[in-house]
Amino acid sequence: MIAGRLTEVRSRIATAARSVGRDPSSIQLIAVSKTCPLDAVREAYAAGQRDFGENRVQEALEKIHHATEPDIRWHLLGHLQTNKARKTVGAFASIQSVDSDDLLLKLERAALDEGIVQEVLLQVAVTYEATKFGVPPDDMPRLFEIGTRLEAVRIVGVMTIPPPAPTPEGARPWFRRLRELCDGWQAAGVPPAMLRELSMGMSGDFEVAIQEGATMVRVGTAIFGSRG
Ligand SMILES: *Cc1c(COP(=O)(O)O)cnc(C)c1O
């Protein structure tokens, strides 16, 4: 079941990529396994999936602790409180929900102490809505600037969660907006390495996100079924 859905999602990714002349291998599929048991992760792993996304720190750390597959790359997608920063450093291939300078600096201190380099993405509040997690676009240059001075935290891109839309097309303007913001930041001197990854698109709209330039799509229910 999971293997079949994975095959279908991969083929839809390839079709979406080719529809805009992109190489399908330039898009990384993150299978969002939040709320799913480790057995489901193992089923996807057996079907060749290596990147998995989680949104709650505690649940993720438990899975990471119990997983015996050494080459799984876990990605943290959900909000991270600064007081849990230390627990997450080194456990995740990427932390995609970094949304404050305070959190950046806490992660830096923890990663320095561990002697590792932690890759992170900055979560952008692309709607400018103050109630949601994420950095308002106007504050992003300041965080990139801090990023250039960090030694153990490497900003490798940006992530966004657009507001719910009734159709996949409804998300397109937000995906396009993030892409345009990235172009603007790069033109303003933000190092391209900090804008390498564009993490956007979920089960309902990943094809549209790919057409708008996503390099990482985060797909849960289309692979693991509904979360009940
Ligand atoms: C749950 C979640 C996803 C996956 O959502 P689906 O609709 O199940 O594909 C992607 N990104 C984030 C940040 C999530 O929390």
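Indexing begins at 1, ligand by ligand and atom by atom, following the structure's order. Note: hydrogens, waters and symmetry copies are ignored here, and every other heavy atom, side chains too, is used.
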Quiz item: Okay, side chain of Glu8, backbone of Ala3: is any donor-acceptor separation there less than 3.5 Å?
Solution: no
Practice problem: Tell me, please: is Gln96 in heavy-atom contact with ligand 1, that is, under 4.0 Å? | Solution: no
Practice problem: Specify side chain, backbone, both or neither for Lys34, according to which of its non-hydrogen atoms lie closer than 4.0 Å to ligand 1. | Solution: side chain
Quiz item: Given that the side chain starts at C-beta and the backbone is N, CA, C, O, which of these parts of Thr221 lies under 4.0 Å from ligand 1, counting heavy atoms, or is it both or neither?
Solution: both
Exercise. Taking the six-membered ring for Trp and the single ring otherwise, decide whether the centroids of Phe133 and His79 are under 6.0 Å apart.
Key: yes
Quiz item: Any side-chain heavy atom of Glu114 sitting closer than 4.5 Å to one from Arg86?
Solution: no
Residue [X] vicinity, atoms of ligand 1 by number, heavy atom under 4.0 Å:
X: Gly220; answer: 4 (C), 6 (P), 8 (O), 9 (O)
X: Arg218; answer: 4 (C), 9 (O), 10 (C), 11 (N), 12 (C), 13 (C)
X: Ile161; answer: 13 (C)
X: Ser203; answer: 6 (P), 7 (O), 8 (O), 9 (O)

Quiz prompt | Closest protein heavy atom (residue, atom, distance) for atom 3 (C) of ligand 1 | solution = Met202 SD, 3.6 Å
Quiz item: Polar-atom distance check: Val219 versus ligand 1, any N or O pair below 3.5 Å?
Solution: no
Quiz item: Are Val89 and Val117 connected, step by step, through hydrophobic side chains (Ile, Leu, Val, Met, Phe, Trp, Tyr) whose heavy atoms are closer than 4.5 Å?
Solution: no
Exercise. For the residue pair Ser203 and Thr221, confirm or rule out a side-chain donor-acceptor distance under 3.5 Å.
Key: yes
Self-check item: Arg50 NZ/CZ over Tyr45 ring centroid, <6.0 Å and within 45° of normal
Solution: yes
Quiz item: Of the options His75, Glu119, Arg154, which is the one that meets Ser94 in a side-chain hydrogen bond (donor to acceptor under 3.5 Å, both in side chains)?
Solution: His75
